[in-house]
Number of protein chains: 2
Amino acid sequence: MQDWEELLSQAGYRVTEPRRWVMRLLLESTAPLSPQALFEAGRARQARLGLVTVYRTLALFEELGLVHRVHLQEDCHGYLPTSPGHRHFLICQHCGSAVEFPGSEDLEGLIATIEAQTGYRVAGHLLQLLGLCPACQGM
Amino acid sequence: MQDWEELLSQAGYRVTEPRRWVMRLLLESTAPLSPQALFEAGRARQARLGLVTVYRTLALFEELGLVHRVHLQEDCHGYLPTSPGHRHFLICQHCGSAVEFPGSEDLEGLIATIEAQTGYRVAGHLLQLLGLCPACQGM
DNA sequence: CCCTTATTGATAAGTTTTTTCAATAATGAG
DNA sequence: CTCATTATTGAAAAAACTTATCAATAAGGG
Ligand SMILES: [Mn+2]
Ligand SMILES: [Mn+2]
Ligand SMILES: [Zn+2]
Ligand SMILES: [Zn+2]
């Protein structure tokens with residue numbers, strides 16, 4: 001995502017310094033970041049950025065599809081910048097670095113089976129993979 | 001899970017009144033419950049049960065595989081009782097009722113693809129489906 | 001530029017989760 | 001069955017996290 005500023009404007013929002021910081025910090029990180037982590041990373045770099053703004057910005061970005069929230073074991077969740085559309089993430093359980101991949105519809109078969117068995121109608125899903133990134137495999 | 005008491009003992013933990021309450025309340029609920037919700041449900045029934053104990057009990061149960069934490073949009077997460085082993089959940093987005101299903105390895109193909117594309121090695125995953133339960137479909 | 005108004009952030013309020021520690025109750029030994 | 005040991009509980013307090021307020025600031029259109 002690089003023309004996120006365009007998208008923001010288009011949607012009627014202003015492109016501000018704090019919002020630029022949040023996006024920059026997210027893009028520079030290889031791992032998901034929590035609001036607190038973003039705030040501290042920003043503060044460490046003299047960014048003009050308040051914690052409250054981080055929360056608001058993440059909520060806005062999420063709404064616009066610019067970031068996704070991922071669930072972690074300890075911290076509960078963090079945010080990752082993302083391309084628009086249906087995405088999934090694969091997160092390294094050692095160093096936290098994440099990669100996204102498009103939501104290919106490989107779940108069709110599984111979903112059909114489950115629908116038949118349960119009577120539920122499936123409308124969406126949450127899928128995250130975890131494992132080891134190339135760098136962390138030699139350990 | 002009905003011989004969870006056995007499992008607790010076996011693992012060296014005591015079978016206590018508060019722990020019985022937590023498990024009972026979870027088993028009686030069709031939807032995931034948060035610690036706060038469990039506490040209130042217990043209190044409403046004169047259970048001897050403190051909020052702190054609910055947190056500790058859920059952590060223990062999770063460790064023993066007696067419950068799983070599921071992620072929701074608003075509350076972040078709640079707990080569901082579960083059979084041991086690899087499970088997934090399908091949650092109604094209208095009423096919250098959930099059903100579990102065994103983790104059939106339908107992801108094999110997807111995982112192989114992703115591993116080849118990213119160089120990561122996949123060790124596990126988080127999969128949740130959401131949709132509408134039979135009762136909520138006519139609305 | 002200047003005006004309008006969305007946005008920010010310090011502070012405070014509200015939630016959620018964890019820590020402490022004395023009192024309690026579960027379990028095994030006798 | 002009774003007692004002693006010790007894991008467990010829960011009230012209270014601390015810590016961490018999230019949301020609400022509102023005066024000051026700065027984006028962006030005119
Ligand atoms: Mn979560
Ligand atoms: Mn699975
Ligand atoms: Zn790694
Ligand atoms: Zn339903």
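By convention in this document, chain letters (A, B, ...) are assigned in the order of the sequence lines, proteins followed by strands, and residues within each chain are numbered from 1. Computed over heavy atoms, backbone and side chain alike; hydrogens, waters and symmetry mates excluded.
- Residues B:His68 and B:His86 place their aromatic rings such that the two centres sit no closer than 6.0 Å.
- Following rounding to the nearest Å, A:Leu49 (CG) and C:dT8 (P) show an atom-to-atom distance of 9 Å.
- Interface remark: the B:Arg14 side chain does not form any donor-acceptor pair with the C:dG28 base, using a distance-only criterion of under 3.5 Å.
- Considering only side-chain N and O atoms, A:Thr16 lies under 4.0 angstrom from the phosphate OP1 or OP2 of C:dT8.
- B:Glu40 has its CD atom 13 Å from the C1' atom of C:dT16, to the nearest Å.
- Checking C:dG9, D:dG10, D:dC17 against the side-chain heavy atoms of A:Tyr55 singles out D:dC17 as nearest.
- Residue A:Arg48 has no polar side-chain atom (N or O) positioned under 4.0 Å from OP1 or OP2 of D:dT25.
- Rounded to an integer number of Å, the gap from CZ of B:Arg19 to P of D:dG10 is 11 Å.
- B:Leu132 and A:Leu110 fall into different hydrophobic clusters, where Ile, Leu, Val, Met, Phe, Trp and Tyr residues are linked whenever their side-chain heavy atoms come under 4.5 Å apart, directly or through other members.
- Among the nucleotides D:dC17, D:dT8, D:dG10, the one closest to any side-chain atom of B:Val52 is D:dG10.
- Taking the six-membered ring where the residue is Trp, the centroids of A:His125 and A:His88 are separated by under 6.0 Å.
- In this structure, the CG atom of B:Leu51 is 10 Å from the P atom of C:dT16, given to the nearest Å.
- Note: CD (B:Gln36) to C1' (C:dT17) measures 11 Å, nearest angstrom.
- A:Glu40 has no carboxylate O lying under 4.0 Å from a charged side-chain N of A:Arg43, or vice versa, which leaves the two without a salt bridge.
- Rounded to whole Å, atom C1' of C:dT17 lies 11 Å from atom CZ of B:Arg69.
- When the P atom of D:dT9 is taken as reference, atom CZ of B:Phe39 falls 14 Å away, rounded to whole Å.
- The residue B:Arg56 sits close to a base: some heavy atom pair falls under 4.0 Å.
- When all heavy atoms of B:Pro35 and B:Leu51 are compared, the closest pair comes out as O-CD1, 4.0 Å.
- Between the P atom of D:dG10 and the CG atom of B:Leu38 lies a distance of 13 Å, rounded to the nearest Å.
- Phosphate proximity of C:dG9 to A:Thr53: present, with a side-chain N or O under 4.0 Å from OP1 or OP2.
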